[in-house]
Amino acid sequence: MIKSQLKKIIDDCFQKGVEQGAWTDEARNTFTVEIPKHAGQGDFSTNLALIIAGKEKQKPRDVAQRFSEILGTDMSIIDKTEIAGPGFVNFFLRENVWTTILEPVYQQAELFGHSTIGNKLKVLVEFVSANPTGPLSIGHGRNAILGDAIARLLEVTGHDVSREYYFNDAGRQMRVLGASTKARYLELLERENEFPEDGYQGDYIYDIAKDIIEQSGDSMVDVDILNFKDIAQKAIFKEIDTTLKAIGIKFDNYFNEHTLYEEGLLDEVVQDLRAKNLVYEKEDATWFKTSEFGQEQDRVIIKSTGEPTYRLPDIAYHKEKFKRGFEWMINVFGADHIATVPDVLAGVRALGFDESKVKVILHQFVTLTREGKQVKMSTRKATFITVDELCDIVGPDALRFFFLMRKPDSQLEFDLDLATKQSQENPVYYVQYAHARLCSIEKMAQDKDVSRPDSASVHLDSLQEPEEFELLKTMADFPELVASSAQDLAPHRIIFYLMELAGQFHSYYNKHKVLTEDAKLTEARLYLCGALKIVLANGLHLVGITAPENM
RNA sequence: GCGCCAGUAGCUCAGCUGGAUAGAGCAACGGCCUUCUAAGCCGUAGGUCCAAGGUUCGAAUCCUUGCUGGCGUACCA
């Protein structure tokens, strides 16, 4: 907001410089305007002179000097400028500029921070996409929360977002699930059974088997494992759905891989690729020439059994996404899916689609520690902690907060002891507490019959404390932060922003009283706090965390 | 072997397109509740940003090489 005003002034000034021959056009849009790290370096700073000097072999400070001269005294919002360090131009804004942020916050209220930069771009966010072989593991939890946060960010920045869950209830894995279920069923009936070597060993299989016995007794002893698969899959999907609901995640669409077969898309893809001479037969299998797309070797897309490998449906699925008119396709995958990415992208390119529209967010694993030791997890052996269990322990807010605290590229360590024993120390409470405190102040003000003024009558020049300016500056930064976090698909920045804003408020709270004897000052501070509450709440909601009124 | 990700304070991690003096939380130590919620605040201490080269006005950030850890590298998904 304020920054964009300043940016415009600087851009105009740059243009004047071009017209006057002070420098060429070359540096346009390459310099930045930033909030300096250290005190005394102004409210904003630009490296414009350094960039121009680099490109044109001039001395940076000379360029900065020239820039200042062109800027002259056209100073609607600028109090003064300084040339500093190697050639930065630092801007000191008039103090009354900062309070102008407050009115738009109230006007836009819960929409403050939202924008239209997405231009209604049709975006598909595909995430979770776990096959129904067991409860959601902690890794799926990270995936789910990350994908949802990304979708939320894109929504509030004016994208047309669809959330999709892609799954497959056929194939080898699912047959193993059926076999595992039947084996447990027989075991519980004390009949002879053979548990598959690579079967699913979790207790949840026993639970499903018990349900079957309750429903049908021993009448299914001779029934095919496919029926067991169907029952198990249904039960597991129901569980997954419950879990997702518990952490507040909804999908617009569940896409079953089976659809691709029904619509003949797999054949279509193979034909397309064959027509482009990118497919050949070898040893009874059908191979895709991925080596022509920079990979080490070609890959099988149809096995000698006639069954496709996962790659073919994955590619066909992307074709389907393009056909549905999506302009940006975001896939949130765990790191273990890294191998599929180049294959799918090669397929997309081979089919003549623009692979730059497909963006894969690969998040690294979650490691769980308990008593300082890493807990090893495996879906098959069921030595894993489920999202449900974790959510029960720490609650949905903390769950979201923790999973979003790290950038996707980083491994995430989840300390179970810390989460259980010290849940009060959770940083999520730090942010929520700030919001609750603000609500409490408002309530107290009401009890004292002090009402928050409207923008017309409030005396904002009463706000003179450095802490107040810090808060205003941080709030002013919010819309741009949301926009850049959305574009970079980086929800963790919202979390860090919230911690900073909450921290600034806690300091302020401890140093200054909002409700004072001075009526004008009290009104101004109430006005500030009301806006702050809006920003905190908006930030929290953006990442799906509640903003409690009291704690 | 090859590919992707990471290596920043005792621990867990930020550091957005290279910017000016390196950041937070936790842990440690010392203070602050007759005053709007102490789930809070203030202060102290803690660093060869894995290593070595390179690029330039300027590198935690970019390039090269090496080391360490994670994940892949299937006619499993």
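Bear in mind that the values here come from a model prediction, so they are computed numbers and not experimental data.
Searching all strands for a Watson-Crick or G-U wobble partner of B:G40 with both distances below 3.5 Å returns B:C32. Under the Watson-Crick or G-U wobble criterion, with both distances below 3.5 Å, B:G19 is paired with B:C57. Base pairing analysis places B:C2 opposite B:G72; the two distances defining the Watson-Crick or G-U wobble pair are each below 3.5 Å. Look at B:C49: it lacks any Watson-Crick or wobble partner with both distances under 3.5 angstrom.
Contacts between residues 437-446 of chain A and RNA chain B, defined by a heavy-atom separation under 4.0 Å, are made by A:R437, A:S440, A:I441, A:M444. Within residues 331-346 of chain A, the residues that place at least one heavy atom under 4.0 Å from RNA chain B are, in residue-number order, A:A335, A:D336, A:H337, A:I338, A:A339.
As a whole-Å value, the separation of A:Q504 CD from B:G40 P is 17 Å. A:F401 has its CZ atom 17 Å from the P atom of B:A39, to the nearest Å. Atom OH in A:Y527 sits roughly 21 Å away from atom C1' in B:C36 (whole-Å rounding). Rounded to whole angstrom, the span from the CZ atom of A:F167 across to the P atom of B:A77 amounts to 16 Å.
A:F365 is linked by a ring-ring contact (aromatic ring centres under 6.0 Å, His included) to nothing, counting only residues two or more places apart in sequence or in another chain. Listed by chain and number, the residues in a side chain to side chain donor-acceptor pair (under 3.5 Å) with A:S45 are A:N90 (sequence neighbours excluded). Scored by the side chain to side chain donor-acceptor pair (under 3.5 Å) test, A:D397 finds A:Q432, A:T546 as partners (sequence neighbours excluded). Partners of A:H506 under the side chain to side chain donor-acceptor pair (under 3.5 Å) rule, at least two apart in sequence or in another chain, are A:R437. In this view, A:Y261 satisfies the ring-ring contact (aromatic ring centres under 6.0 Å, His included) rule with no residue, not counting sequence neighbours. Applying the side chain to side chain donor-acceptor pair (under 3.5 Å) test to A:E281 and every residue at least two apart in sequence or in another chain returns A:R274, A:T286.
Within 4.0 Å (heavy atoms only), A:D284 reaches no atom of the nucleic acid at all. Base engagement by A:E549 is indicated by at least one non-hydrogen atom pair under 4.0 Å involving a base atom.
For A:Y430, whose side chain is taken as the heavy atoms from C-beta onward, the closest listed nucleotide among B:C36, B:A77, B:C41 is B:C41. Here the nucleotide nearest the side chain of A:V300, chosen from B:C75, B:C41, B:C5, is B:C75.
A:N168 and A:N256 are not linked by any side-chain donor-acceptor pair at a separation below 3.5 angstrom, with hydrogens and angles left out of the test.
Salt bridge annotation for A:R172-A:D198: present, with a cationic side-chain nitrogen under 4.0 angstrom from a carboxylate oxygen.
Evaluation of the ring-ring contact (aromatic ring centres under 6.0 Å, His included) test over residues 510-537 of chain A, restricted to residues two or more places apart or in two chains, returns A:Y106-A:Y527, A:Y508-A:H512.
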Heavy-atom contacts, protein to nucleotides 44-50 of chain B, under 4.0 Å, summarised as B (base), S (sugar-phosphate only) or - (none) per nt, yield -------
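Taking the six-membered ring for Trp, A:Y317 and A:F255 have ring centres closer than 6.0 Å. A distance below 6.0 Å separates the ring centres of A:F403 and A:F414. When ring centroids are compared, A:F44 and A:F91 stay outside the 6.0 Å threshold.
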Check: protein-nucleotides 20-22 of chain B nitrogen or oxygen pairs below 3.5 Å:
| residue | atom | partner | partner atom | Å |
| --- | --- | --- | --- | --- |
| B:A20 | OP2 | A:K37 | NZ | 2.8 |
| B:A20 | N6 | A:S45 | OG | 2.5 |
| B:A20 | N6 | A:N90 | OD1 | 2.9 |
| B:A20 | N1 | A:N90 | OD1 | 3.2 |
| B:A20 | N1 | A:N90 | ND2 | 3.2 |
| B:U21 | O2' | A:H38 | NE2 | 3.2 |

Show the distances under 3.5 angstrom between N or O atoms of the protein and N or O atoms of nucleotides 11-17 of chain B.
| residue | atom | partner | partner atom | Å |
| --- | --- | --- | --- | --- |
| B:U12 | O2' | A:R406 | NH2 | 2.6 |
| B:C13 | OP1 | A:Q411 | O | 2.9 |
| B:C13 | OP1 | A:E413 | N | 3.3 |
| B:C13 | O2' | A:R406 | NH1 | 2.9 |
| B:A14 | OP1 | A:K407 | N | 3.0 |
| B:A14 | OP1 | A:S410 | OG | 2.7 |
| B:A14 | OP2 | A:S410 | OG | 3.2 |
| B:G15 | OP1 | A:H492 | NE2 | 2.9 |
| B:G15 | OP2 | A:K407 | NZ | 3.3 |
| B:C16 | O2' | A:D488 | OD2 | 3.3 |

